[in-house]
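Values below: every heavy atom of this structure, side chains too, minus hydrogens, waters and symmetry copies.
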Amino acid sequence: MRASTQHVQDRLNQPYDHQRSSQLPIGTAVIVAWLAGAMFMLSLAPYGYWIIALISPALLYALLLGDISNKRAFIIGEAYGMGLWCVGAFWLYTSIHDYGDVPMPLALLAIAVMGLGMGLFHGFMALIFNRFVGKQPLAFAALWVLQEWMKTWLLTGFPWLFVGYAFTEQHWLSSLAPVAGVFAISFVVVLLAASLVDLFRKRGGYLLVSILFLALSIGLWLTDPAWTQPKPNTPNLKVSLVQGNIPQDLKWLTEYRYKTLEIYAKLSSTEWDQDMVVWPESSIPMFQTEAWPFIAEVVKVAKDTDTTWVTGIPYKDESAYNPETDKYAPFYNSVIALGAQADGLYKKQNLVPFGEYIPFQGALDLFPNLAGSNEVLSYSRGPKDQLPLKVRGHNLGAAVCYEVAYPDTTRRNAQNTDFLLTISNDAWFGTSAGPLQHLQMVQMRSLETGRWFMRATNTGVTAIIDHKGRIVAQAPQFERTVLRGEVQSRTGMTPYVRFGNYPILILIGLFLVLSYLAKRAQQ
């Protein structure tokens with residue numbers, strides 16, 4: 001009895017820790033974190049409730065405050081990231097289940113595993129925030145941008161669901177894009193979100209810092225600097241973007257290949273009086289060596305009508321094949337310029353894991369269901385230092401499918417170009433939000449580079465976007481149609497094209513070092 005009484009007395013004599021007492025139970029905190037990550041999707045296209053892009057990171061910041069263990073911080077961050085990816089990238093379910101013929105339970109499991117893996121970015125972010133730096137908004141925003149940037153290169157990258165994309169059409173903030181890219185927008189938004197939480201804790205100093213960054217972006221919006229200019233004495237190009245609307249389950253069938261060519265030829269038959277006709281990704285569903293008779297016919301029509309023809313095609317480089325060292329000739333997911341006043345070939349640089357190449361080939365033989373992966377043919381990766389396509393006296397920068405989501409890749413491709421093109425086949429994702437999120441990223445790339453962008457797709461969204469990221473023409477999804485419009489040539493370089501991500505990375509690096517040193521000094 002005395003021991004019991006003494007234990008109670010010792011507990012009563014301990015100082016009261018308000019921070020620990022106010023913590024949510026770990027189970028509740030995990031649920032709140034997961035929901036906070038899941039709700040972020042509503043801030044992106046097609047929903048566009050950008051205010052949620054403030055609320056979502058603010059909730060994570062609030063959950064990480066106080067004296068908590070590193071384990072708790074990691075679990076909360078992982079839960080947030082898992083909610084973000086399981087819901088925000090659920091469009092992958094369509095390609096896995098509907099077109100990959102994976103049973104529903106396994107497809108859902110695949111989404112959960114993907115969410116768990118991608119959630120590690122936020123899990124380790126939360127752990128570092130809890131252990132190494134001061135718990136204040138500048139460090140939180142800096143770590144947030146660091147993990148977004150790492151998603152563009154770590155393990156080939158999956159650069160999706162960035163906070164900055166929610167503000168693509170909010171020009172009072174997206175004005176930062178041509179200066180320092182999408183990561184600068186993410187930084188200001190997350191800083192503001194965390195600063196508002198601190199305001200409720202009666203710490204208003206960081207809100208003043210947020211307001212300074214907002215004042216900078218609003219100032220850029222109001223003054224509207226002309227980072228790029230229309231190319232002098234150059235008329236707009238009249239273009240036709242052909243949307244074949246080929247069903248994904250038929251696209252690669254051998255017996256449907258010639259039907260696909262027939263569809264595109266018929267849709268283009270009325271367009272040969274335009275300056276340029278563009279077909280989307282892999283609209284010729286065979287190697288150029290197999291399709292050469294058809295290609296030669298289309299090229300003849302294009303030259304007779306003085307039209308440039310740009311198309312997506314799998315390109316086999318037989319000149320690079322060495323039978324002594326190679327199993328097969330390298331082949332690429334490519335864009336080629338043909339017809340009148342045209343020259344050049346672009347080879348896709350950022351490939352889709354398991355879609356265009358098999359990572360860890362051979363090692364997967366350890367798993368019975370994946371044995372033989374080393375026998376699967378994979379696309380080759382195009383080099384980084386490719387020249388622009390030549391079209392009608394202009395330089396055209398190209399991007400294939402989801403590699404337009406890589407800010408630095410598009411930035412390099414935009415150098416010394418007059419306008420940009422991305423071709424894609426988003427039929428893999430059906431009626432989900434994926435294609436609309438994809439379009440939103442192209443709008444951001446236009447803002448960053450100060451260039452007009454053409455987006456030619458199989459099922460949509462086919463669109464023409466100006467140098468301010470505004471959609472000036474758009475074709476309806478899931479229709480066999482042609483989008484006609486004009487594209488402006490521009491010259492000059494935005495600060496982002498010139499300097500890339502270095503300014504924002506240096507800034508967040510400085511904030512993290514200062515925060516780390518300040519925490520060490522306090523300890």
*Please name all residues satisfying ring pair (Phe, Tyr, Trp, His ring centres under 6.0 Å) with Phe121, sequence neighbours left out, ordered by chain then number.*
none
*Decide whether Asn245 and Glu479 meet the rule of one side-chain donor and one side-chain acceptor closer than 3.5 Å.*
no
*Under 3.5 Å, is there a donor-acceptor pair between the Thr457 and Thr462 side chains?*
yes
*asked:* The test is ring pair (Phe, Tyr, Trp, His ring centres under 6.0 Å); show your working for Phe124 and Phe74 and say whether it passes.
replied: CA-CA 6 Å; Phe124 282 109; Phe74 178 82; 5.2 Å; yes
For residues 37-52, please give each side-chain donor-acceptor pair under 3.5 Å, one per line with the distance, not counting sequence neighbours.
unit_1	atom_1	unit_2	atom_2	d
Ser43	OG	Phe40	O	2.7

*With rounding to the nearest 0.5 Å, note down the distance linking CD in Glu281 to NZ in Lys251.*
7.5 Å
*asked:* Per the side-chain hydrogen bond (donor to acceptor under 3.5 Å, both in side chains) rule, what does the pair list look like for residues 134-143, sequence neighbours excluded?
replied: Asn130-Lys135, Gln136-Ser515
*Which residue pairs pass the side-chain hydrogen bond (donor to acceptor under 3.5 Å, both in side chains) test when at least one of the two sits in residues 26-39, sequence neighbours left out?*
none
For residues 166-190, which side-chain N or O atoms pair as donor and acceptor with protein atoms under 3.5 Å away, sequence neighbours left out?
unit_1	atom_1	unit_2	atom_2	d
Thr168	OG1	Tyr165	O	2.8
Glu169	OE2	Gln443	NE2	3.0
Gln170	OE1	Trp172	NE1	3.4
His171	ND1	Ser174	OG	3.4
Ser174	OG	Thr168	O	3.3
Ser174	OG	Gln170	O	3.3
Ser175	OG	Ser217	O	2.6
Ser186	OG	Glu148	OE1	2.8
Ser186	OG	Gly164	N	2.9
Ser186	OG	Val182	O	3.4

*Determine which pairs satisfy side-chain hydrogen bond (donor to acceptor under 3.5 Å, both in side chains) with at least one residue from residues 85-110, sequence neighbours left out, and list them in order.*
Trp91-Gln437
_For His438, ring pair (Phe, Tyr, Trp, His ring centres under 6.0 Å) partners two or more places apart_ = Trp160
*Please list all pairs passing the side-chain hydrogen bond (donor to acceptor under 3.5 Å, both in side chains) test where one or both residues lie in residues 463-472, with sequence neighbours left out.*
Asp224-Lys468, Trp452-His467, Asp466-Arg470
_Check this for me: Arg203, atom CZ, are more than 12 non-hydrogen atoms of other residues, nucleotides or ligands nearer than 6.0 Å?_
yes
_I'd like to know whether Met125 forms a side-chain contact (heavy atoms from CB on, under 4.5 Å) with Leu60, so could you lay out the CA-CA distance, the side-chain angles of the two residues, the decisive distance to 0.1 Å, and finally the verdict._
CA-CA 11 Å; Met125 183 201 92; Leu60 178 59; 4.0 Å; yes
*With distance as the sole criterion, is a donor-acceptor pair present between the side chains of Asn458 and Gln248 under 3.5 Å?*
no
_Residue list, salt bridge (charged side-chain N to carboxylate O under 4.0 Å, His left out) with Arg498, at least two apart or on another chain_ = none
Please list every donor-acceptor pair under 3.5 Å in which a side-chain atom of residues 192-199 meets a protein atom from a residue at least two apart or in another chain.
unit_1	atom_1	unit_2	atom_2	d
Ser195	OG	Leu191	O	2.7
Ser195	OG	Tyr206	O	3.3
Ser195	OG	Ser210	OG	2.9
Asp198	OD1	Tyr61	OH	2.9
Asp198	OD1	Arg201	NH1	2.9
Asp198	OD2	Tyr61	OH	3.4

*Take Thr228 and Met493 through the test side-chain contact (heavy atoms from CB on, under 4.5 Å) and record every step on the way to the result.*
CA-CA 6 Å; Thr228 62; Met493 297 175 67; over 6 Å; no
*Is there side-chain contact between Met454 and Val487, with at least one heavy-atom pair below 4.5 Å?*
yes
*salt bridge (charged side-chain N to carboxylate O under 4.0 Å, His left out) with Arg411: which residues, sequence neighbours excluded?*
Asp408
*Return the set of residues passing ring pair (Phe, Tyr, Trp, His ring centres under 6.0 Å) with Trp252 (not counting sequence neighbours), or none when no residue passes.*
none
